[in-house]
Engineer: 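So that we are looking at the same thing, I have put the structure below in structure tokens.
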Amino acid sequence: MNLWETNIRKAVPYVPGEQPDQQRMIKLNTNENPYPPAPGVAESIYASDTDRLRLYPDPEAGVLVNALAKRYRVKPEQVFAGVGSDDVLAMAFLTFFNSQKPILFPDITYSFYDVWAGLFRIPYQTVPLDPQFRICAEDYEIPNGGVVFPNPNAPTGELESLALIEHILQHNQDVIVIVDEAYIDFGGTSALPLLNQYENLLIVQTFSKSRSLAGMRIGYAFGSETLIRYLNNVKYSFNSYTMNQLTLTAGAAALRDEAYFKKTIHKIIATRERVKEEFQKLGFLFGDSQSNFLFVTHPDVHAQKLFEALKEEHIYVRYFNKPRIDNYLRITIGTDEEMDVLLDVLRGYLKKNV
Ligand code: PMP
């Protein structure tokens with residue numbers, strides 16, 4: 001190693017699911033929404049005044065923040081917006097996790113958490129999920145520098161109750177507790193009602209999944225006015241103009257179409273429940289996912305073999321070669337037609353190989 005290399009900040013980056021560019025493929029590996037964004041999104045982009053792009057965007061992301069505040073019945077001062085929830089979470093880690101004590105998160109969870117902890121030099125300790133991949137609230141009653149977990153958890157899809165979240169909050173009043181609700185719209189109850197009681201609670205959500213806008217990169221957080229102020233102070237010390245003008249307009253347009261939002265979510269939930277029944281018939285084991293993906297294992301075929309067999313058929317799912325989950329596949333819920341092709345391929349494979 002050159003001497004100058006010793007001074008470089010080394011990071012072990014997050015590895016996102018692949019984005020293959022194939023005409024004929026079924027992409028069930030990154031939990032995107034199979035349906036297009038609300039029609040108003042395209043209309044708002046076409047109607048945008050491109051001359052406005054000469055100017056910097058609103059650093060406060062006002063149109064989006066106000067629309068979110070109205071939709072979720074909170075004050076605009078309680079809303080933070082960012083470039084996808086990854087950006088919001090990264091800013092939140094940087095702002096709120098600044099203790100010598102380790103932050104806590106589940107051993108099986110969103111694999112970006114340990115990456116940010118590494119990048120920002122935040123000590124962390126993982127807390128094992130129980131054998132059914134559920135969070136044990138009592139395990140979070142130890143000294144720590146903060147807590148973060150997704151609900152529903154990823155990649156398991158397991159939804160925890162508000163009672164469990166409140167238990168964790170009650171035992172962690174001196175640190176910030178972040179609940180990552182990337183998948184909450186697919187059947188969960190948001191922790192939003194707890195916001196008024198717990199000034200140390202930050203709830204993070206995204207437009208990437210339930211609002212079909214992964215490509216736009218819009219995430220947001222709800223918290224007490226104090227938390228949001230701290231978060232904005234760090235953001236404005238990093239990059240004032242994170243969200244571009246077209247994104248702000250498109251995000252606000254997506255929020256206006258509540259009927260479309262509900263319709264696509266109901267479709268995905270209906271497909272998910274049907275696919276659960278079919279997977280059961282094929283002998284798969286899995287939890288009762290309340291997200292837009294299933295996390296499955298099969299007693300007779302190794303997950304990695306299935307992963308590769310599906311890839312040969314141009315069906316992309318996610319395989320994590322990690323402790324405790326290296327025999328599982330995470331499969332995004334696509335359209336009914338896509339899931340039928342997947343089920344046919346699985347049926348054929350299992351018939352031949354089991
Ligand atoms: N949290 C969880 C649990 C996720 O699975 C994802 C998706 N990779 C994100 C946050 C980030 O999503 P986005 O940045 O697209 O909002």
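One-based numbering, in listed order, for ligands and for the atoms of each. Keep in mind it's a predicted model, so treat the numbers as computed, not measured.
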Engineer: For ligand 1, note which part of D86 has a heavy atom under 4.0 Å away: side chain, backbone, both or neither.
Structural biologist: both

Engineer: At a 4.0 Å threshold, what atoms of ligand 1 neighbour a non-hydrogen atom of K209?
Structural biologist: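 Ligand 1 atoms under the 4.0 Å threshold to K209: 7 (C), 8 (N).
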
Engineer: Take the angle between the ring planes of F186 and Y183 and call it parallel below 30°, perpendicular above 60°, tilted in between.
Structural biologist: tilted

Engineer: Counting only heavy atoms, which portion of Y183 has something under 4.0 Å from ligand 1: side chain, backbone, both, or neither?
Structural biologist: side chain

Engineer: Report, in ascending order of atom number, the atoms of ligand 1 lying under 4.0 Å from any heavy atom of S208.
Structural biologist: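 In order of number, 13 (P), 15 (O), 16 (O).
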
Engineer: Record the part of S85 in heavy-atom contact with ligand 1 below 4.0 Å; permitted values are side chain, backbone, both and neither.
Structural biologist: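 Both backbone and side chain.
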
Engineer: Would you please classify the geometry between the F284 ring and the H298 ring as parallel, tilted or perpendicular, with 30° and 60° separating the classes?
Structural biologist: perpendicular

Engineer: Quick test: of every protein heavy atom, which one is nearest to atom 8 (N) of ligand 1, and how far off is it to 0.1 Å?
Structural biologist: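 Going by distance alone, atom 8 (N) of ligand 1 is nearest to Y110 OH, 3.2 Å.
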
Engineer: Assess whether a salt bridge exists between K311 and E18, defined as any Lys/Arg side-chain N lying under 4.0 Å from an Asp/Glu carboxylate O.
Structural biologist: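 Salt bridge present between K311 and E18.
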
Engineer: For the residue pair F112 and W116, categorise the inter-ring angle as parallel (less than 30°), tilted (30 to 60°) or perpendicular (more than 60°).
Structural biologist: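 The arrangement is parallel - the two ring planes meet at less than 30°.
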
Engineer: Identify the closest protein heavy atom to atom 1 (N) of ligand 1: which residue and atom is it, and at what distance?
Structural biologist: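 That would be D180 OD2, 2.7 Å.
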
Engineer: For the pair F133 and F295, name the ring-plane relationship: parallel under 30°, tilted 30 to 60°, perpendicular over 60°.
Structural biologist: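 Plane angle between 30° and 60°, so tilted.
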
Engineer: As an exercise, identify every atom of ligand 1 less than 4.0 angstrom from a heavy atom of R217.
Structural biologist: 13 (P), 14 (O), 15 (O)

Engineer: Taking the basic N atoms (NZ, or NE/NH1/NH2) and the acidic carboxylate oxygens, is any pair closer than 4.0 Å for D288 and K276?
Structural biologist: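 Yes.
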
Engineer: Judging by distance only, is a nitrogen or oxygen of Y113 under 3.5 angstrom from one on ligand 1?
Structural biologist: no

Engineer: Show which atoms of ligand 1 fall inside a sub-4.0 Å distance from at least one heavy-atom site of T206.
Structural biologist: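 By the 4.0 Å cutoff, the relevant atoms are 13 (P), 16 (O).
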
Engineer: Counting from 1, what ligand 1 atoms have a heavy atom of G84 closer than 4.0 Å?
Structural biologist: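 Listed by number with element: 14 (O), 16 (O).
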
Engineer: Show which atoms of ligand 1 fall inside a sub-4.0 Å distance from at least one heavy-atom site of A182.
Structural biologist: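 Atoms satisfying the 4.0 Å criterion: 1 (N), 2 (C).
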
Engineer: Charged N to carboxylate O under 4.0 angstrom, D87 versus K235?
Structural biologist: no

Engineer: Answer with yes or no whether the side chains of T30 and E32 bring together a donor and an acceptor at under 3.5 Å.
Structural biologist: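 There is such a pair (donor and acceptor under 3.5 Å, judged by atom type) between the side chains of E32 and T30.
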
